[in-house]
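Written out below as structure tokens is the structure these notes cover.
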Amino acid sequence: MLSVFTREWLEADVAIVDGWIAGLGEYEGRETIDAGGRWIVPGFVDAHVHVESSKTLVDEFARLVLPLGTTAVVADPHEIANVLGTDGVHWLLDASADLPLDVYFMASSCVPASSYESPRRALSVGDLDALLRRRRVIGLAEMMNFPGVVSGDEGELAKLALASHVDGHAPGVLGPSLQAYAAAGIRSDHEAFTAEEGRQRLRAGMWVLIREASAARNLEALLPLVREFGPHRMAFCTDDREPEHVADDGHINSMVRDAVAQGIEPIDALVLASHNATAYHRLDHLGAIAPGRQADLLLLADLERFVPELVLKRGGPVGEIPRAEVPDWVKQTVRIGALGPEVFRIPWPDGGSARVIGIVPGQIVTESLVEEPLVRSGEAVADPERDLAKIAVIERHLGTGRIGKGFVRGFGLERGAIGTTLSHDAHNLVVVGLSDAAMAFAVRRLANIGGGIVVVDRGEVLAELPLPVAGILSDAPLAEIVERSHAIVAAAAALGCRIDAPFQLLAFLALSVIPSLKITDKGLVDVDRFELVPLGVS
Ligand SMILES: [Fe+2]
């Protein structure tokens, strides 16, 4: 068995009583599990995850990750919080209370992500204070407004004052700004992309949460820090993983496997995957095999694959997990009026150039382009010849009818439209299309199915992934989600789309805190200048 404290393998019996570890040594038990020739390690812990990224309900997520050895997660529910406010977070807390997976929460500090986004309702300092009073809410989630913190914004500092445990999010922040960010009480960052960024964070006393998400993958770049300093003050996290990524590749266990394959000592990788996450989050009853700890144990047959042979959760095997009841109110979240094709019109009486969002394949950053749009009867229209599609974002929480419109290049669509209600962080409705009629049809379909992702052409739905829970989660089993995910990508390809993961990209075009040109229901956002900009360039 692994001692995470001395970082050594011990040969010992592990005595378990009522789900807790009673001792290590030589014991006789009423029931015995023979672990001869096996490695016993603590259950894996995800130090920072948005469970919603799996598109599954939290009970299905537990069914997915427990067999992979993840026995506890620390979740930031900011996707649900954007759509359903604190009611949604309380619902998630209740829905995860009796699961065999331990789900801890951080109170989402940045809803909305910026003032250019429209969630259902902003989370106030009072909302966060109320959330922090709940038992499994252990701190404040990623403080994404790093410019606000560094410049001493009163509102952000008031949030930080609520908790002694605060996650960070400071991509690219270095030098004096990083010092100020750490001095404000932020204890970690999962946005380090380079070893130098990680080094500065460690030296500033921050924890580095090494992230391997579906889009942002930082494991390889940050493992040199483990070689340089040992595994102290670092832990593993998945942040945002697509359901098919977890199903095909694994969860935290895949990070252990990959780290070991890249030459990290198995013991160090296992400590990064378990004890360090619980030490950082002050979850002292988890993350170690020692007297008085919760008996979350994995039996491993080898130190290469890290797929557990047996998962013991609170001392026993994981039984069947009952399906969660989904209340009706979390399914009624797409509120838009009757929108016809006319709302997508872009009058262009004076001609001239337009700002165009340029997609960068495989990246969630975009380019800010300038193009002269195709003009027909005084309107700027899509132009498949030059890969210029129309894009619109419609506010969908309160039915205000607010809509931002523009153009996007890079999807390669030749006809039809694609649309989604899953769009970070406010999850308003985003639609990209070649005609106003196709866009209106996609929007109507999304409203009818309560949200999700659709691919349409000529008044027909080619494929769809319904996400009726808050417009971002499915209540279907994982296998169905994965199958439909493949179908929508294939349907988009049939419309000419040349991107591998088009809906992952689509989901980030409305996120106003990632450069360079983005679009929300309020219009085009120049993220580098951090201001709204008009479509026309004069
Ligand atoms: Fe995150």
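In each ligand, atom 1 is the first atom listed, and ligand 1 is the first ligand listed. Here the structure is a predicted model, which is why all the values come from computation and not from measurement.
Listed by chain and residue number, V482 satisfy the side-chain contact (heavy atoms from CB on, under 4.5 Å) test with H486 (two or more places apart in sequence, or in another chain).
Contact detail for R227 and Q262: the closest heavy-atom pair is NH2-O, 2.7 Å. What you find for N276 and M234 is that their closest heavy atoms are ND2-O, 2.8 Å.
Excluding water, every protein N/O/S atom under 2.8 Å from the Fe ion (ligand 1) is given here by residue and atom: H48 NE2, H50 NE2, E142 OE2, D239 OD1.
The aromatic rings of Y181 and F146 stand perpendicular to each other, their planes meeting at an angle above 60°, with 30° marking the opposite boundary.
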Practice problem: Kindly determine whether F44 and F306 satisfy ring-ring contact (aromatic ring centres under 6.0 Å, His included), including the steps that lead there. | Solution: CA-CA 11 Å; F44 300 142; F306 297 97; 7.2 Å; no
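A ring-centre distance under 6.0 Å is not found for H251 and F236.
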